[in-house]
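Keep in mind that the numbers below use all heavy atoms, side chains included, and drop hydrogens, waters and symmetry copies. Counting convention: from 1, in listed order, for ligands and their atoms alike.
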Amino acid sequence: MPFSFLGLSPALVRAAGELGFAAPTPIQSEAIPAALRGADLLGCAQTGSGKTAAFALPLLQRLEQGPQHTPRRTRALVLVPTRELAAQVGEVIRSLAQHLPQRPKVAVVFGGVSINPQMMGLRGGADVVVATPGRLLDLVQHNALKLAAVEVLVLDEADRLLDLGFAEELDRVLWLLPPKRQNLFFSATFPPAVQVLAETLLRDPVRVDVPSTPANEPSILQRVIQVDEKRRTELLRHLIKEQSWERALVFVATKYAAEHVAWKLYKNGIFATPFHGDLSQGARKQVLSEFKSGQWDVLVTTDLASRGIDIVQLPVVVNYDLPRSAVDYLHRIGRTGRAGESGLAVSFVSADTEAHFRLIEKRQHLSLPREQIEGYEPVDAEAAASAAAAPGTGGIKGKRPSKKDKLRAAAANLSSRA
Ligand code: AMP
């Protein structure tokens, strides 16, 4: 079905076409007609499913049809969890709005940078505001923005908003909004806190659950490689060269590790660069756009880049350090295999992390084969097996046996066999 069948204006259909969207994705074909009717929406779809356009297109059509005001009033508010996602969503909305006769002003605001330019940017009002909740509240407090005319509220990645501790800010924002409005609610997962939020927010929502079918499921090959912790960088280097990975996103646990691993790769002739929250906003933006345009082959990052960031043609994601939760795992690997492409997600597991990875697999009803790469076989393999078999080693901090515990257990094992 083409975009023109969804009830969108020709200007929006044209803009979607220019972005290379030939036909709507499943979430778009379900969500757009419902949102155009004015219904509240509860969208549950995988990352990379095209959900930004699913809310942006009906939102823009609504703005186009409504009365124009001078100065502009904020009629649509999009709340997102991170600054990177804010910038990206803002960009998509602007691109989709480019042929509208009355082009709306789209303001993107987020914390971590000076508030003054954002206040200046809001002078004269903005029709659409894409914001992280904390900075939005700061701007309201500074009288830079009023939310009394909001007609459409979008919550994008609601699970992440709550994960990041935005519950209180969200509550305060909701109090500032007029009760009569359309709510478009998107989340990749629905833990209880997200369900409660959806129930309080939405009125008779149309639920858009895009089922996983081979046609829309990103084809991501998940590989798990056993390797000793201290040899991971070496193995990574080997894989990048041996398997000719052209572009890879490598996840590590700390900012220090991002710097360290990127530097080690770089010293060995691989164009790798770190990406983490200590970089200034300007530096982050630059690094991302350089990675997107192919100037860097490897981006070594903390979980900062695990959500929302859209990098087209990213063939490989590596979990150098494992993510803390199954949800984070899903988000990390969802960076690859976007928009129908295939992708590869590689996780390194060691003696210390095997039990934790099993928990991630269990939560996702997965059981992935373990591989070893010739020349990089772990010498701790036996310890890994006994760690995995040990009861109560669910990867919960403080409950896992320490290395010393494992050595003691191994010694006890040996002496009981002798
Ligand atoms: P999103 O889930 O909104 O982050 O979108 C994921 C990727 O899919 C982005 O690269 C979009 O540009 C792309 N995309 C969104 N809608 C379509 C469509 N209808 N056809 C092709 N690609 C799309």
Query raised in the report: For E91, which residues count as a side chain to side chain donor-acceptor pair (under 3.5 Å) partner, sequence neighbours excluded?
Result: none
Requested in this report: Report, in ascending order of atom number, the atoms of ligand 1 lying under 4.0 Å from any heavy atom of T25.
Outcome: 16 (N), 17 (C), 18 (C), 19 (N)
**Report entry** For ligand 1, the portion of Q88 having any non-hydrogen atom under 4.0 Å away
**Finding:** neither
Requested in this report: State, without any angle test, whether S347 and Q222 hold a side-chain donor-acceptor pair at a distance under 3.5 Å.
Outcome: no
Query raised in the report: Is a side-chain N or O of H356 found less than 3.5 angstrom from the main chain of P323, in a donor-acceptor match?
Result: yes
Query raised in the report: Quick one: does F186's side chain get under 4.5 Å of I27's, heavy atoms only?
Result: yes
Query raised in the report: So, is A53 polar-close to ligand 1, with some N/O to N/O distance under 3.5 Å?
Result: no
Query - Test item, A16 contacting ligand 1 (heavy atom, 4.0 angstrom) - result: no
Requested in this report: Please tell me if the side chains of D297 and R247 come closer than 4.5 Å, counting only heavy atoms from C-beta onward.
Outcome: no
Query - For T52, the ligand 1 atoms whose distance to one of its heavy atoms is below 4.0 Å - result: 1 (P), 3 (O), 4 (O)
**Report entry** Any donor-acceptor pair under 3.5 Å from N183 side chain to L153 backbone
**Finding:** no
Requested in this report: Could you tell me which atoms of ligand 1, counted from 1 in the order shown, lie closer than 4.0 angstrom to a heavy atom of F3?
Outcome: 19 (N)
Query raised in the report: Atoms of ligand 1 less than 4.0 Å from A23 heavy atoms?
Result: 18 (C), 19 (N), 20 (N)
